[in-house]
Amino acid sequence: MFSRAVKPVVTVAIQNGAKNFSTSPEMLFKVMVAGAAGGIGQPLSLLLKQNPLVSNLALYDLAPVTPGVAVDLSHMDTPAKVEGFQGADKLDSAVKGADVVVIPAGVPRKPGMTRDDLFNTNASIVRDLAECVARNSPKAIVAIITNPVNSMVPIASEVLKKAGVYDPNRVLGVTTLDVVRACSFIGTINGVDPRSVSIPVIGGHSGVTIIPLLSQANPKPKISDQGKIEALTKRIQEAGTEVVKAKAGGGSATLSMAWAGARLTNAILRGLNGESNVVECAYVKSDLTEATYFANPLVFGKGGVAKNLGYGKLNAYEQALLKAAIPELKKNIAVGEKFVNK
Ligand SMILES: NC(=O)C1=CN([C@@H]2O[C@H](COP(=O)(O)OP(=O)(O)OC[C@H]3O[C@@H](n4cnc5c(N)ncnc54)[C@H](O)[C@@H]3O)[C@@H](O)[C@H]2O)C=CC1
Ligand SMILES: O=C([O-])CC(=O)C(=O)O
């Protein structure tokens, strides 16, 4: 049975996707990965096994290879204790005591599909996982990677609401890959290290709902004309499809997603650990726009989302992008809520 470890204060360096930084971990946390044997789940678990804030890594999946993935990772000479949980009858034990539940369980796209085409298969997977969180670890922070993210977060939220344990600060949709891509593309354009780039990407995680705020990028992309700004925006919005096409039927982004997922999980853990000024974008319950869930920069703290930083000033082009995104987001949210409340 898991019990949370408390470690003496030491200074360690953590590789956080974009940035190197130091922290003093006092608390260590249990992270559960649902879908841990998959294309995202395996490299995500590999990255989480290296995180000094993780004491216990629970790897849950339906796939028969799951116990083997856990044994494989357990041989890494890092402190996190790894346990594998294969099959639905092991789900409750996997979730029990989890501080963070990361969900990349579900089917990915093939060429020609939209993320919404995954709804019918993935909705019940996320619903069942959220029910398990409500039963076993209602205070866990739930980070949902499974697509369509715009609808999956409302599903998990409605399930937790029904169970009477919903805390909007603890349920997030993972949009970090959009930020990672924007930083990567701007880094290339500007000829700088992409780790030195920061940019908010707001809205949601599909097509027109992905809104990179290039006007707020630091440094700004070295592009003079509006046509090129629009082309870069489009590339970020369609980057998932770029990978789906390149993999030609072999799935969607897995490695860059694992990197992005590890980055967001690390931000969540740093917040839980009491570090201040930990900021990442994620898709959460929101009253900033007419869409009741919305992604933008958030401060993470001991209870998950500590502060919503909003999205600042948009230029005319970005305002038009936002206008186009809202009806789509509202539709995606309604579909998710209806699935639980039908
Ligand atoms: N939020 C984002 O930015 C991104 C989201 N995704 C999404 O992540 C999801 C996973 O993608 P991949 O890892 O490439 O797929 P995959 O098919 O390689 O892996 C999915 C894993 O989930 C497992 N699984 C299925 N049903 C399950 C259940 N009920 N409980 C536990 N595990 C279950 C499968 O056995 C498999 O191991 C997809 O829905 C994909 O669209 C992918 C890339 C980026
Ligand atoms: O495009 C997909 O289906 C997977 C995904 O969400 C992404 O890569 O952004």
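Here the structure is a predicted model, which means the values were calculated and not measured.
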Inset, instruction - Take atom CD of Glu290 as the centre, draw a 6.0 Å sphere, and report whether it contains more than 12 heavy atoms from other residues, nucleotides or ligands. - result: no

Legend entry - Partner of Asn147 under side-chain contact (heavy atoms from CB on, under 4.5 Å), chosen from Leu118, Val107, Val126: Leu118

Legend entry - Met32: which of Ile103, Val142, Leu91 passes side-chain contact (heavy atoms from CB on, under 4.5 Å): Leu91

Inset, instruction - Using the ring of Phe185 (Phe, Tyr or Trp, six-membered ring only), decide whether Arg235 places NZ or CZ under 6.0 Å from its centre and within 45 degrees of its axis. - result: yes

Inset, instruction - Could you go through the side chain to side chain donor-acceptor pair (under 3.5 Å) check for Gln86 and Asp61 one step at a time? - result: CA-CA 5 Å; Gln86 189 231 327; Asp61 203 301; over 6 Å; no

Legend entry - Heavy atoms of other groups near Asn277 CG, more than 12 under 6.0 Å: no

Legend entry - For Lys162, all residues meeting salt bridge (charged side-chain N to carboxylate O under 4.0 Å, His left out), sequence neighbours excluded: none

Legend entry - Distance-only donor-acceptor check, side chains Asn150 and Thr209, under 3.5 Å: yes

Inset, instruction - Might you confirm whether atom CG of Asp287 has over 12 heavy atoms from other residues, nucleotides or ligands at distances under 6.0 Å? - result: no

Legend entry - Test side-chain contact (heavy atoms from CB on, under 4.5 Å) applied to Lys30 and Val95, Leu57, Asp99, the passing residue: Asp99

Legend entry - Worked verdict on Val284 versus Tyr293 for side chain to side chain contact (heavy atoms under 4.5 Å, CB included): CA-CA 5 Å; Val284 292; Tyr293 293 83; 5.9 Å; no

Legend entry - Straight-line distance of His205 NE2 to Thr176 OG1, nearest 0.5 Å: 9.5 Å

Inset, instruction - Check for a donor-acceptor pair, side chain of Tyr60 on one end and backbone N or O of Ala36 on the other, with a separation under 3.5 Å. - result: no

Inset, instruction - Ignoring hydrogens and angles, state whether a donor on the side chain of Lys247 or Thr254 is under 3.5 Å from an acceptor on the partner side chain. - result: yes

Inset, instruction - State, without any angle test, whether Lys222 and Asn190 hold a side-chain donor-acceptor pair at a distance under 3.5 Å. - result: no

Legend entry - side-chain contact (heavy atoms from CB on, under 4.5 Å), paired with Ser157, selected from Val153, Ile155, Leu160: Val153

Legend entry - Pair Asp117 + Arg109, salt bridge at N-O below 4.0 Å: no

Inset, instruction - Check side chain to side chain contact (heavy atoms under 4.5 Å, CB included) between Lys331 and all other residues, then give those that pass, not counting sequence neighbours. - result: Glu328

Legend entry - Passing option when Leu264 is tested against Thr175, Val174, Val180, Val179 for side-chain contact (heavy atoms from CB on, under 4.5 Å): Val174

Inset, instruction - Quick one: list whatever passes side chain to side chain contact (heavy atoms under 4.5 Å, CB included) with Asp193, sequence neighbours left out. - result: Arg195, Ser196

Legend entry - Plane angle bin for Phe339 and Phe119 - parallel if under 30°, tilted between 30 and 60°, otherwise perpendicular: perpendicular

